[in-house]
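Bear in mind the structure is a predicted one, so any value in this text is a computation, not a measurement. By convention here, the first residue in the shown sequence is residue 1.
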Amino acid sequence: MKVLPLLSTLCILTSAAFVALGWYFILKGKRLWHQRMMTIAAMLAVLFLMIYLSRTIFIGNTSFGGPDSVKTYYTMFLIFHIFLAVSGLFLGVVTITFAWRGKFIRHKRIGPVTAVIWFCSAATGVLVYLILYIFWEPGPTTSVWKAILGL
């Protein structure tokens, strides 16, 4: 079922685009537009997470279907992507919480770091999608741990 991975990848990529717009607007001093863009980005990230978790729970994860000579490199790259994604999720929650609580100095300090990690996570996520579904035929659907570790 390739539709859900494509949809989740588009959600996170679009989320990153809205983060970029939000960053642009805050640099221009347009706080309301910054808030709107970041809210949309957060909603898209939540939608991504809902799709990803639903697919993982009810369907499973796609394992790497490419050549064995690439498998180790893909696994290392995937673990790097997961680290970025989890870090981005954690920092995103912290950054949004600072904004909601009116702690704008902290929000302003951590926001750029969060955004850069978010961009890197989105970019590596797109590459994971391309590797799993476009560059090679997808591997079998399996548990999340087997898909990550290539077991």
Side-chain angles (χ1 to χ4, degrees), residues 1-27 30-66 71 73-101 106-151:
M1 192 178 241
K2 293 183 184 184
V3 160
L4 291 177
L6 176 61
L7 184 59
S8 63
T9 301
L10 290 174
C11 283
I12 210 63
L13 188 60
T14 308
S15 173
F18 275 98
V19 168
L21 284 170
W23 200 345
Y24 168 81
F25 283 122
I26 202 63
L27 291 174
K30 298 183 178 187
R31 214 179 228 176
L32 180 60
W33 280 99
H34 168 75
Q35 182 182 6
R36 289 174 178 166
M37 297 301 107
M38 294 307 196
T39 300
I40 293 169
M43 289 169 40
L44 285 164
V46 168
L47 181 58
F48 160 81
L49 194 57
M50 289 170 41
I51 293 168
Y52 177 79
L53 290 176
S54 296
R55 186 170 53 99
T56 297
I57 292 166
F58 297 113
I59 299 171
N61 285 82
T62 303
S63 60
F64 179 70
K71 193 175 199 174
Y73 300 107
Y74 168 75
T75 301
M76 291 186 318
F77 181 77
L78 179 62
I79 290 169
F80 175 67
H81 164 69
I82 292 168
F83 174 77
L84 287 173
V86 171
S87 300
L89 173 64
F90 173 76
L91 288 172
V93 170
V94 169
T95 304
I96 290 169
T97 301
F98 284 155
W100 281 343
R101 293 185 177 169
R106 289 181 180 174
H107 175 80
K108 185 177 179 180
R109 192 177 308 138
I110 196 173
V113 174
T114 304
V116 168
I117 290 173
W118 201 256
F119 297 144
C120 293
S121 174
T124 57
V126 169
L127 194 50
V128 166
Y129 172 81
L130 292 172
I131 291 168
L132 285 179
Y133 298 99
I134 305 299
F135 297 160
W136 291 286
E137 284 295 315
T141 301
T142 187
S143 73
V144 68
W145 297 114
K146 286 181 181 179
I148 291 171
L149 299 175
L151 302 174

Notebook entry, point to check: In Å and rounded to the nearest 0.5 Å, what is the CG to CG distance from N61 to L132?
Noted result: 9.0 Å

Note to self: Go through it in stages, so that I can follow the logic: the residues are L127 and Y74, the test is side-chain contact (heavy atoms from CB on, under 4.5 Å), and I'd like the CA-CA distance, side-chain angles, deciding distance and then a yes or no.
What the structure shows: CA-CA 10 Å; L127 194 50; Y74 168 75; over 6 Å; no

Check: Between atom NZ of K2 and atom CD1 of I134, what is the distance when rounded to the nearest 0.5 Å?
Finding: 6.5 Å

Check: Which pair of non-hydrogen atoms, one from W23 and one from M38, has the smallest distance, and what is that distance?
Finding: N-CE, 3.8 Å

Margin query: When you compare the side chain of T39 with that of F18, does any pair of heavy atoms fall below 4.5 Å?
Written below: no

Next item on the list: Give a yes or no on whether the backbone of I117 and the side-chain of S121 come within a donor-acceptor separation of less than 3.5 Å.
Entry: no

Checklist line | Shortest non-hydrogen separation from F64 to I131 and the atoms involved | finding: CE1-CG2, 3.5 Å

Check: What distance do K30 atom NZ and Y24 atom OH have between them, rounded to the nearest 0.5 Å?
Finding: 6.5 Å

Notebook entry, point to check: Rounded to the nearest 0.5 Å, what separation is found between the CZ atom of F119 and the OG1 atom of T114?
Noted result: 10.5 Å

Check: Below 4.5 Å, heavy atoms only, C-beta onward: do L47 and M43 meet side chain to side chain?
Finding: no

Next item on the list: Please confirm whether the backbone N or O of G111 pairs with a side-chain atom of T95, one donor and one acceptor, at under 3.5 Å?
Entry: no

Margin query: I need the minimum non-hydrogen distance between T141 and I59, along with the two atoms involved.
Written below: CG2-O, 3.1 Å

Note to self: Restricting to non-hydrogen atoms, name the atom on T142 and the atom on S63 that form the minimum distance, rounded to 0.1 Å.
What the structure shows: CG2-CB, 4.0 Å

Check: Can F90 and V86 be said to form a side-chain contact (heavy atoms from CB on, under 4.5 Å), step by step?
Finding: CA-CA 6 Å; F90 173 76; V86 171; 5.6 Å; no

Note to self: Just so I know, are the side chains of M37 and V19 near enough to count as touching, which here means a heavy-atom distance under 4.5 Å?
What the structure shows: no

Checklist line | CA sep, side-chain torsions, deciding dist, call: I79, M76, side-chain contact (heavy atoms from CB on, under 4.5 Å) | finding: CA-CA 5 Å; I79 290 169; M76 291 186 318; 5.9 Å; no

Notebook entry, point to check: How many angstroms lie between CD1 in I26 and CG in L21, if you round to the nearest 0.5 Å?
Noted result: 13.0 Å

Check: Which class fits the ring pair H107 and H34: parallel under 30°, tilted 30 to 60°, perpendicular over 60°?
Finding: perpendicular

Check: Under 30°, 30 to 60°, or over 60°: which ring-plane class applies to F48 and Y52, parallel, tilted or perpendicular?
Finding: parallel

Note to self: Check this for me: W33, atom CH2, are more than 12 non-hydrogen atoms of other residues, nucleotides or ligands nearer than 6.0 Å?
What the structure shows: no

Pair up each side-chain donor or acceptor in residues 6-16 with any protein partner under 3.5 Å, not counting sequence neighbours, and list the distances.
unit_1, atom_1, unit_2, atom_2, d
S8, OG, L4, O, 3.2
S8, OG, P5, O, 3.0
T9, OG1, P5, O, 2.8
T14, OG1, L10, O, 2.7
S15, OG, A41, O, 2.9
S15, OG, W118, NE1, 3.1

